[in-house]
Amino acid sequence: MKKYIKLWKQLLSEFSGKEVLSAFYGALIYTSLIAILVLATISQIVSVYLYYLTLWIVLIIIVMALLTYIFHYFWFKALIIKKPETKTDIKTLFLINQIIIDTVYLIVGLLFIFVFVPMLMV
Amino acid sequence: MNELTKKYWPFVKVLIIPYLFFMFILFYPIPYYLDTPGGITEVDSLISVDYNQDKEVTGSISSTYIVSINRPTFFQFLIGSFSDYNYANVLTGSYASYSNQEISKISYLDKETSVNAAIIVAYQKAQIGNSEINIDYDEKVMVFGKATYLSHYDEIDFGDEFLYMIGDNDFEVTDYKAISAHTVLDSSYQFFFKNSEGETYSKILVKDPETSTFGITLKYYYLVDKENTYPRYTEKESNIGGPSGGLLQTLAIYNMLIEDDITEGKKIAGTGTINYDGTVGYIGGTEQKILTAYLNKVDVFFIPYRDRNYYYDNYVEALRACEKHGIDPSGWLVPVSSFDDVLDYFENPEAYLEGVVLS
């Protein structure tokens, strides 16, 4: 955790808040374009093959993890294009970010499998 | 943002047309319906009765639901065709003119009336062996269908209660079956309804010149009077609509009211509507329901049965579905025509099934 905070501080000392946010929004918009298509496709597959619901939830967790990876990849690219000479280990920083986000997806997915789906399918 | 756009603009230019095309496929609805297998849901998660709380139920009683997609998108239709388990066809009849929201509302009303019918039949049956049990209900008439030419289409809602109408010579008609006999002299009449908020309203309905009808479908239903019903029961919110869970709801409620546990550790499921006289009614999506039961490995599956020579009989359809998908129906597929048949089956399963084969 200390390393994570240290990396964030280092990143913000090299880049201005505006630059980090601009890269963030760019990554968000490009990832959203992919996510809308992918998630709409999956939701329609789920609606037709609902009897494999547990399998789809596992797939959705994996897809969400991939989208998180794509988002961080775009964010990383945008930052690198802005300052190619940066010394911050952005890859490690974003890897920790992804692990945190993916853990949340995993917990929510498991909650859906074991709690919400049995509750909703009444 | 700009850096990314500069870097990826060549890709965006190439992909924009396929992207928009795929979006069209994903969101454009077509006038079909698609039935696919769904799942089973234990009835006690929908209804619980405050009675025999210490009784241990060793098995489970579940209703079966299928997924019915009205006006699927091109993409749903396409991926649906990849599996033999799915069935697609053109939307016909009144459903073709209803919006998806209206179809959902009808489905919800169907489920509500079905649950009330299940409670009435189960309580009446359990009452025979236990005078402590009491059931009371009111008869009502509700709006269950609307034709496109119905006057005030948007103001009269599905589920609104029909109270009465003023017929020829100012005669007050309360029995909806007598409406046509008392609306001969004129083309427009005043109808009185009660909406879901309990407000009474009236509308002048005009007959359609072509069909000579008002374009409204009314239906009787019984609403349980909870105050005068013992033991009390609780109905939970549900996402699943339709009346086809009626038979299994009746069985589960009945099992909550009697002392013995009729499940005997078995995973019991089935389908079929329940009528107020205890007879079981025809349901749609038989093939998908059989597949759902098969995928969920149930021990017993009840299916409506009237006459094996009748082409649209659910049991005949179920046997055909089993043959198509290589499923052995013996031992677990149980045809029933009434709730009494279900109880007869539990009395002696082997004898009951032999009787079906001989009939």
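Below, read A as the first sequence line, B as the second, and so on, with proteins coming before strands; counting in each chain starts at 1.
- Every residue two or more places apart in sequence or in another chain that forms a salt bridge (charged side-chain N to carboxylate O under 4.0 Å, His left out) with K324(B) is listed here: E287(B).
- Within a 6.0 Å radius of OH in Y69(A), other residues, nucleotides and ligands contribute 12 heavy atoms or fewer.
- Of the listed residues I69(B), I25(B), V12(B), L15(B), the one with more heavy-atom pairs under 4.5 angstrom with chain A than any other is I69(B).
- Applying the 6.0 Å contact sphere to OH of Y4(A) captures more than 12 heavy atoms from other residues, nucleotides or ligands.
- At most 12 non-hydrogen atoms from other residues, nucleotides or ligands lie less than 6.0 angstrom from CD of E56(B).
- Note on ring orientation: taking the six-membered ring where Trp is involved, the planes of F74(A) and Y8(B) are perpendicular (angle over 60°, cut-offs 30° and 60°).
- Counting heavy atoms of neighbouring residues, nucleotides and ligands inside a 6.0 Å radius, atom CD1 of I16(B) does not exceed 12 of them.
- Neither the backbone nor the side chain of L28(A) comes within less than 4.5 Å of any heavy atom in chain B.
- Around CD of E323(B), the count of heavy atoms belonging to other residues, nucleotides or ligands within 6.0 Å does not exceed 12.
- Interface remark: of the candidates D35(B), L295(B), I79(B), I66(B), I79(B) forms the most heavy-atom pairs closer than 4.5 Å to chain A.
- Contact between I36(A) and M23(B) at its shortest, heavy atoms only, is CG2-CE, 3.2 Å.
- Residues Y19(B) and L37(A) form a side-chain contact, since some pair of their non-hydrogen atoms from C-beta on lies under 4.5 Å apart.
- When the shell of 6.0 Å around NZ of K226(B) is examined, it contains more than 12 heavy atoms from other residues, nucleotides or ligands.
- Minimum heavy-atom separation, A78(A) to L4(B): CB-CG, 3.8 Å.
- Using a 4.5 Å cut-off on side-chain heavy atoms (C-beta onward), I45(A) and F75(B) make contact.
- Taking both residues in full, the closest heavy atoms of G80(B) and V48(A) are given as CA-CG1, 3.7 Å, listed atom of the first, atom of the second, then distance.
- Side-chain atoms of T36(B) never come within 3.5 Å of backbone atoms of Y49(A) as a donor-acceptor pair (strictly under, hydrogens ignored).
- Other residues, nucleotides and ligands contribute over 12 non-hydrogen atoms within 6.0 Å of the NZ atom of K55(B).
- The number of heavy-atom neighbours closer than 6.0 Å to NZ of K3(A), taken from other residues, nucleotides and ligands shown, is 12 or below.
- With chain A as the partner, the residue from T73(B), L34(B), V43(B) showing the most heavy-atom pairs under 4.5 Å is T73(B).
- Annotation: the span from F27(B) atom CZ to Q44(A) atom CD amounts to 6.5 Å, rounded to 0.5 Å.
- Using a 4.5 Å cut-off between heavy atoms, T41(A) contacts chain B through both its backbone and its side chain.
- Between Y51(A) and V67(B) the shortest side-chain heavy-atom distance does not fall below 4.5 Å.
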